Amino acid sequence: MDLRIDMPLVLLLLLPLFLYFGWTYFHERQRLKRSHIVVLTIRIVAAGCLVFALAGPYLLLPIKEEQIVYLVDRSASMNGTEDEMVQFIQESLQSKKEPQLAGIYSFSSTLQTEAILSKTLKEVPKLTEIKATDQTNIEQSLQLASGIIDPKKATRLVLLTDGNETKGDALEFATKLKGSNISVDIKPFSQPVVNDVSLKSFVSPQVAYVGEQQQLVTDIHATSAGQGELLLYENDELIHREAVELTEGTNVFTYKHAATAEGLVKYEAVVQVGQDAIFENNKLTSVTMVQSEPHLLIVNGYETASPIAAALGSQSIAYDVVAPDSLPNELSSYLQYNAIIFDNVPGHLVGEAKMSVIEQAVKNFGVGFTMVGGENSFGLGGYFKTPIETLLPVEMEIKGKEQLPSLGLVIVLDRSGSMQGSKLELAKEAAARSVEMLRDEDTLGFIAFDDRPWEIIETGPLSSKEEAVDTILSVTPGGGTEIYSSLAKAYENLADLKLQRKHIILLTDGQSQAGNYEDLIGEGKEEGITLSTVAIGQDADANLLEALSDMGSGRFYDVIDEQTIPSILSRETAMISRTYIEDNPFYPAIYNAAGWNSLFANGVPQMNAYIGTTAKQGATVVAESEKEDPVLAQWQYGLGKTFAFTSDSTGKWTGDWARWQNWGAFWQTLISQMLPSYNDVAYDVRLEADGSFMITDPTNEAAFLDIVAVNEAGEELETKLETISASQVRAVVQAEPGLIFFRIADEKQAIYQAGLSVPYSAEYELLPVNNQLIEELTQRTGGTVLKEPQDVFRDFTTKGADRQNIATWLLLASMLLFFIDITIRRFGWNFLTNAKKKEPLVEEKTIPEDTNVAQLLKGMKKRS
């Protein structure tokens, strides 16, 4: 047991205290009685207790219990060592003493529990599965473990690791453990030496020109000599395959390639061998900006050849024509192009994941975008509340709602167990989006079914959209699948309603028992009810659902990509709830818009039809219908310029425009206005050793740059910018291994694009044990590098102790002594020494004679 003081300097107050009492005693010692000396002594002791209490004294009481926490590194670099580590722990547990607690935790990028701290741990349990193994964060594991243990007890953290941390800084955290009861022991382990081939680097030029011979340099490292195969890809297309002879160590291969793709071009190198320990380190990517003339992507929604391509002719801008279902998923594929045109493209063939990538290409990289009308475009294409609607200058909603037909919509949704997960969530989101498109006076019903129908929203007037949406989103998965009874319930609910349009949408991913569908749907058609069906996934009974939609005079959708479900329901709701197509011939009004007036110098051709939309606030309407609906509108979305042409490209709707002599010039003008303005400044973007990116601006205006980082999936990444100097900015980006794209814009919004590859984690490199970190970490924390299992439970040099504060007791003692002092001064010393004697409560006193009274009495005697 030790006595310690938090603030020893406070004890200096005892000096003036003792001087004062000493001076008092020296000068008054002649007159001091024994009682006075006792009182003075009490005062000295009371004051001393008070000063000691202010100094923060406490007792350290020893704690016998000790804690040993195993931290098992299970990251990718430790593959093949798990059995060896478990054996080490098992053997060490045989040496555990009775008052010692032990616990086992495993870690990679985070910590998870295998066995909690207890005195009864004797066996190592089967280690649980650990998912994320691409990082080693020793710092976090030590930090979390120090929060689990009792800090009063002596603790030993036992790390079983190779010491190769890829995240965090364990040595920095070790300084925080100094002076605590925690020490860190380490038992080094490393994965066995095996045959491994890895790509150390893959380099392509930062900038090249179309047709230029560029060098693709590959650096391959092999642990042993052997044969392999090197494959090179350009934008995911194989451009080179070569059998290579590998020697032990470094192997460098160079391939010359004439660039054919344009824009930001992705190159990928892959090495393959027969036996390979780690597959994750066999692939690397690189990005090259291939400069060329502008390039256009036309997404053609017609089954015939593209009408826009025909109008442009062969001598115009370079373009590619693709079908909607052939659109790529990766951002790099869109950054090859300067502009994109959607020509009568239904949204459900695109899907919202690809829409989000396109939106990022427009917003952050300045790619131009135009949507052209048709029966499968705008609202009729299912773009309500999609990323594409967000970037367009028009909304899918239209004016004149009071003229719309009365509508009844019943959504029949499969909630069986097979729909659990993203399918059900997307289906509920799609149903909620359909509700938002309805008017308050429309009729809505919602039936969710499993082995029987559940009427979630009774069919009736839509009183509250918000309440209906919340109800739909709260649906949970259930049991089996029974379609017929649920569909019959929907028909029954709509049959007697007096509405102009009555429609049912059925969504399911399963199959059902047979039912008399022909009679059910036939009777429904007599009541004006139509039916559309959506088959989700390959397990759905597509033949049945397609037959039902044919009988119900609706549409059938066979969905493979779940992301298309919201667009499908949006399209269905739009088709039955709105009269979108305005088909009365008219002459559009052309407004004073830069670049367009010269086309209409000789007059404006007649147009037959268009899709109704509403211009957004801030959009510029170039051409407008007689009903003041936009025919051609434009605006700036982020760094991209976007257009909406609500008529079509075939001539069916555009009428005389398609026979107009300036028809080709119209499309050329539209495309030229979509093209972004690129920055000629060659910014240098490099990946630093610490994982950050350094951006160098040769114009010394780095502080004014607008920098955005986006991954291949089109997700904007969290980026922290730090200005290093007038010419340099450091960007710290939370990015996973793979491609990352930077958009750099100056104050004039001129755009510069750059792509870099974030290499695979260092976890997938064959590295030796990091002895330097292991030695330093154990030294800083008072631990040791373990050799034998029994050393884990060796005696602790620092014992645990429980701190007991005694300041309160000293304060109480001081107060008690002060009360005794006051009592003695008030009642005298005899109050204590004669405490046992009974004293009268009232002391008798002699009343002195009044002098005047006595003299009066004497005078009276003399007269008598």
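Below, all heavy atoms of this structure are taken into account, side chains as well, without hydrogens, waters or symmetry copies. Only a predicted model underlies this, so the values are computations on that prediction, with no experimental measurement involved.
- Side-chain atoms of Glu715 never come within 3.5 Å of backbone atoms of Asn711 as a donor-acceptor pair (strictly under, hydrogens ignored).
- A donor-acceptor pair is defined here as one N or O able to donate and one able to accept, closer than 3.5 Å; no such pair exists between the side chain of Ser326 and the backbone of Val322.
- Contact annotation: the side chain of Glu572 approaches that of His503 to within less than 4.5 Å [non-hydrogen atoms, C-beta and beyond].
- Of the charged side-chain nitrogens involved, none lies within less than 4.0 Å of a carboxylate oxygen, so that Lys266 and Glu234 do not count as a salt-bridged pair.
- Note that the CZ atom of Phe742 and the CG atom of Leu705 stand 12.5 Å from one another [nearest 0.5 Å].
- Considering only heavy atoms from C-beta on, Leu312 comes within 4.5 Å of Leu296 through its side chain.
- Put simply, the side chain of Phe202 reaches to within 4.5 Å of the side chain of Leu232, judged on heavy atoms.
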- side-chain contact (heavy atoms from CB on, under 4.5 Å) between Met371 and Ile388, worked out: CA-CA 9 Å; Met371 176 172 281; Ile388 295 296; 3.6 Å; yes

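- Between the side chain of Arg743 and the backbone N or O of Lys363 there is no donor-acceptor pair closer than 3.5 Å.
- For the pair Asn608 and Gly655, the tightest heavy-atom approach, listed with the atom from each and the gap, is ND2-CA, 3.4 Å.
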- Show your reasoning for whether side-chain contact (heavy atoms from CB on, under 4.5 Å) applies to Val362 and Gln360. CA-CA 5 Å; Val362 174; Gln360 282 292 335; over 6 Å; no

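- Taking CD1 of Ile565 as the start and OG of Ser570 as the end, the distance is 13.5 Å to the nearest 0.5 Å.
- Although no hydrogens or angles enter the test, the distance criterion places a donor-acceptor pair under 3.5 Å between the side chain of Asp648 and the main chain of Thr654.
- For the pairing with Val733, the side-chain contact (heavy atoms from CB on, under 4.5 Å) check across Leu717, Val758, Leu721 returns one residue only, Leu717.
- For Thr696 (side chain) and Val685 (main-chain N/O), no donor-acceptor pair under 3.5 Å exists by modelled atom type.
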- Message: For Phe643 and Val622: C-alpha separation, side-chain torsions, deciding distance, then whether side-chain contact (heavy atoms from CB on, under 4.5 Å) applies.
- Response: CA-CA 10 Å; Phe643 291 77; Val622 178; 5.7 Å; no

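- Distance alone, capped at 3.5 Å, places no donor-acceptor pair between the Ser757 side chain and the Ser286 backbone.
- Taking each heavy atom of Gln336 and Leu264 in turn, the nearest pair found is CG-O, 4.1 Å.
- The structure places NZ of Lys428 at 15.0 Å from CZ of Arg433, a figure rounded to the nearest 0.5 Å.
- Inspection of the Ser692 and Arg730 side chains reveals an N or O donor paired with an N or O acceptor under 3.5 Å.
- Between His295 and Tyr319, the ring centre distance reaches or exceeds 6.0 Å.
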- Item | Derivation and outcome, side-chain contact (heavy atoms from CB on, under 4.5 Å), residues Val559 and Ile568 | CA-CA 9 Å; Val559 174; Ile568 290 172; 3.2 Å; yes

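- At a cut-off of 3.5 Å, with distance as the only test, no side-chain donor of Asn344 or Ser377 sits close to an acceptor on the other residue.
- Ring pair Phe586/Tyr610 is perpendicular by interplanar angle, where above 60° counts as perpendicular and below 30° as parallel.
- For the pair Phe384/Thr386, no side-chain contact is recorded, criterion being any heavy-atom separation below 4.5 Å from C-beta on.
- Side-chain contact between Tyr267 and Val265 is present, with heavy atoms from C-beta onward closer than 4.5 Å.
- Within 6.0 Å of the NZ atom in Lys423, the count of heavy atoms belonging to other residues, nucleotides or ligands exceeds 12.
- For Asn329 (side chain) and Ser333 (main-chain N/O), no donor-acceptor pair under 3.5 Å exists by modelled atom type.
- Tyr383 OH to Leu391 CG: the interatomic distance, rounded to the nearest 0.5 Å, is 10.5 Å.
- Under a cut-off of 6.0 angstrom, the local environment of CD in Glu736 is sparse, with at most 12 non-hydrogen atoms contributed by other residues, nucleotides or ligands.
- Judged purely by distance below 3.5 Å, without hydrogens or angles, the side chains of Ser549 and Ser532 never pair a donor atom with an acceptor atom.
- Between Phe645 and Phe666, the ring planes are tilted. Angles from 30° to 60° get that label.
- Atom NZ of Lys641 has more than 12 heavy atoms from other residues, nucleotides or ligands within 6.0 Å.
- Counted within 6.0 Å of CG on Asn602, heavy atoms from surrounding residues, nucleotides or ligands total 12 or fewer; the atom is thus considered open.
- In this structure, Trp660 has its ring center no closer than 6.0 Å to that of Trp663.
- Between the side chain of Gln668 and the backbone N or O of Ile671 there is no donor-acceptor pair closer than 3.5 Å.
- Looking at Lys465 and Glu436, no side-chain N of the basic residue comes within less than 4.0 Å of a carboxylate O on the acidic one, giving no salt bridge.
- Counting only distance, with no hydrogens or angles, the side chain of Lys354 and the backbone of Pro328 share no donor-acceptor pair below 3.5 Å.
- Proximity of Asn376 to Arg571: side-chain heavy atoms (C-beta onward) are separated by under 4.5 Å at one or more points.
- At a threshold of 4.5 Å between non-hydrogen side-chain atoms, the residues Thr642 and Thr370 do not count as touching.
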- Message: With side-chain hydrogen bond (donor to acceptor under 3.5 Å, both in side chains) as the criterion, how do Ser332 and Glu712 come out once you've worked through the C-alpha distance, each side chain's angles and the decisive distance to 0.1 Å?
- Response: CA-CA 6 Å; Ser332 58; Glu712 271 279 65; 3.1 Å; yes

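- Across every non-hydrogen atom of Leu545 and Ala535, the tightest pair is CD1-CB, 3.4 Å.
- For Trp596 and Tyr591, the ring centers sit 6.0 Å or farther from each other.
- Tyr580 contributes a side-chain N or O that, together with a main-chain N or O of Met396, makes up a donor-acceptor pair within less than 3.5 Å.
- Lys616 and Val394 make their closest contact through CE-O, 3.4 Å (heavy atoms, listed as atom of the first residue, atom of the second, distance).
- For the atom pair Ile744 CD1 and Asp697 CG, the distance stands at 8.5 Å (nearest 0.5 Å).
- Considering Phe342, Trp635, Tyr637 as possible partners of Phe369, the one that fulfils the ring pair (Phe, Tyr, Trp, His ring centres under 6.0 Å) test is Phe342.
- Distance check: Arg555 CZ to Ile505 CD1 gives 8.5 Å after rounding to the nearest 0.5 Å.
- In this structure, Pro393 and Ala619 approach most closely via the heavy-atom pair O-CB, 3.5 Å.
- Here salt bridge (charged side-chain N to carboxylate O under 4.0 Å, His left out) pairs that include residues 652-669, with residues two or more places apart or in two chains, are Glu375-Lys652, Asp656-Arg659.
- Inter-residue side-chain proximity for Ser625 and Glu582 is flagged as unmet; no heavy-atom pair is nearer than 4.5 Å.
- Nearest heavy atom pair, residue Ser306 against residue Ile298, reads OG-CG2, 3.7 Å.
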